[in-house]
Amino acid sequence: MPANAVMKQRARELLNGRWNEHVAVSMLLILLVFICGAVTGLFGSSTGALVMAFFVGAILEVFMGLFIDGAYLYFLHLLHKEKTSLLDVIAPVRMQPDRFLIIELLRIGVFLVIWSPSYLASLLYDRSPVFCEVFTWIWLPVGLCLCLALWMIFGFSRLLLLEQENLGALASLKKSREMMKKQFLKLLGFLLPYIGYLLLAVFSLGLGFLWAIPYFMTGYASFYEELKKSSHNA
């Protein structure tokens with residue numbers, strides 16, 4: 001595979017000249033995140049309201065995941081120098097959406113399992129607040145590392161589904177795992193600068209995301225293409 005710097009340079013070159021459309025994709029994704037947060041924030045603090053907010057949030061999270069998959073299709077088209085359109089964002093809805101829904105439901109399920117120890121510890125807050133807070137802070141980096149590792153191993157399933165309409169959801173997860181064999185550290189090194197850019201975007205009142213999202217998604221799609229070539233040549 002090429003050096004990480006080469007793939008990032010390729011991403012920057014592809015993005016040059018058409019920033020209006022790229023920023024529009026970013027704005028759409030940011031708007032969806034804002035809507036999801038605003039809707040779940042409308043519920044009260046009672047137990048019933050929190051349960052309702054959880055289920056509504058999970059449903060919105062699934063649909064938001066579909067739009068994120070569509071954004072990846074947009075940047076894959078850009079990478080292949082094919083015609084791009086904002087309508088790419090809704091493409092998964094008409095590309096056997098059940099496959100993407102399975103991936104999103106599995107993602108949410110794994111997320112809940114990973115963070116369930118922290119939630120269970122919070123139930124003991126009245127009895128032992130010190131234990132609860134210490135456990136929560138200890139589990140936070142553990143949970144984040146687990147989420148990142150699983151996303152790195154299985155994350156390319158989304159792009160595989162976008163390119164192969166006859167590929168099933170579970171088969172895409174297996175193929176993503178196979179592609180990532182012996183490539184974990186390379187992908188981690190590739191992602192670390194992007195994580196820094198996304199953190200900086202937070203401190204720019206969110207305006208930095210308009211640049212960081214297209215740069216990240218194009219770079220990630222570029223890594224996927226090179227990983228795919230490497231897997232075929234192996």
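Sequential numbering from 1 along the given sequence is applied to the chain's residues.
The minimum heavy-atom distance between A212 and A201, with the atom names listed, is CB-CB, 4.5 Å. Residues I114 and C147 approach most closely at CD1-SG, 3.9 Å, considering heavy atoms. Smallest separation of non-hydrogen atoms from L167 and R99: O-NH1, 2.9 Å. Minimum interatomic distance between I153 and S176 (heavy atoms only, all atoms of both residues): O-OG, 2.8 Å. Between L86 and A24 the shortest heavy-atom distance is CD2-CB, 4.0 Å. Minimum heavy-atom separation, P193 to K8: CG-NZ, 3.0 Å.
When side chains are defined from C-beta on, L73 counts as touching H77, because their heavy atoms get closer than 4.5 Å. A heavy-atom distance below 4.5 Å is found between the side chains of L87 and I90.
Linking Ile, Leu, Val, Met, Phe, Trp and Tyr residues whenever their side-chain heavy atoms come within less than 4.5 Å leaves L192 and L200 in two separate clusters. Hydrophobic clustering places L112 together with F55 (ILVMFWY residues linked when any side-chain heavy atoms are closer than 4.5 Å, directly or through intermediates). F34 and F209 are members of different hydrophobic clusters when ILVMFWY side chains are connected at heavy-atom separations under 4.5 Å.
Under a cut-off of 6.0 angstrom, the local environment of CG in N166 is sparse, with at most 12 non-hydrogen atoms contributed by other residues, nucleotides or ligands. Within a 6.0 Å sphere centred on CZ of F184, heavy atoms belonging to other residues, nucleotides or ligands number more than 12.
We find the CG-CD1 distance between L210 and I30 to be 4.5 Å, quoted to the nearest 0.5 Å. Atom-to-atom distance recorded for L150:CG and L173:CG is 10.5 Å, nearest 0.5 angstrom. The distance from atom CG of L60 to atom CZ of F63, rounded to the nearest 0.5 Å, is 8.5 Å. A distance of 5.5 Å separates CE in M217 from CG in L29, rounded to the nearest 0.5 Å. Atom CG of L105 and atom CG of D98 lie 11.0 Å apart (nearest 0.5 Å). How far CD1 of I103 is from CD1 of I108: 12.0 Å, rounded to the nearest 0.5 Å.
Taking the six-membered ring where the residue is Trp, F75 and H22 present tilted rings, their angle falling between 30° and 60°. Between F216 and Y220, the two ring planes are parallel [angle under 30°; tilted spans 30° to 60°]. Under the 30°/60° scheme for interplanar angles, the aromatic rings of F135 and W139 are found to lie parallel.
Ionic pairing of K175 and E178 is not present here: no N-O contact between side-chain nitrogen and carboxylate oxygen is shorter than 4.0 angstrom. Between E226 and K186 no salt bridge is recorded (no basic side-chain N to carboxylate O distance below 4.0 Å). Salt-bridge formation is not detected for the pair R10/E13: no Lys NZ or Arg NE/NH1/NH2 atom is positioned less than 4.0 Å from an Asp or Glu carboxylate oxygen.
Y224 and E163 share a side-chain donor-acceptor pair at under 3.5 Å.
A side chain to side chain contact (heavy atoms under 4.5 Å, CB included) with W115 holds for exactly one of L144, L120, V110; it is L144.
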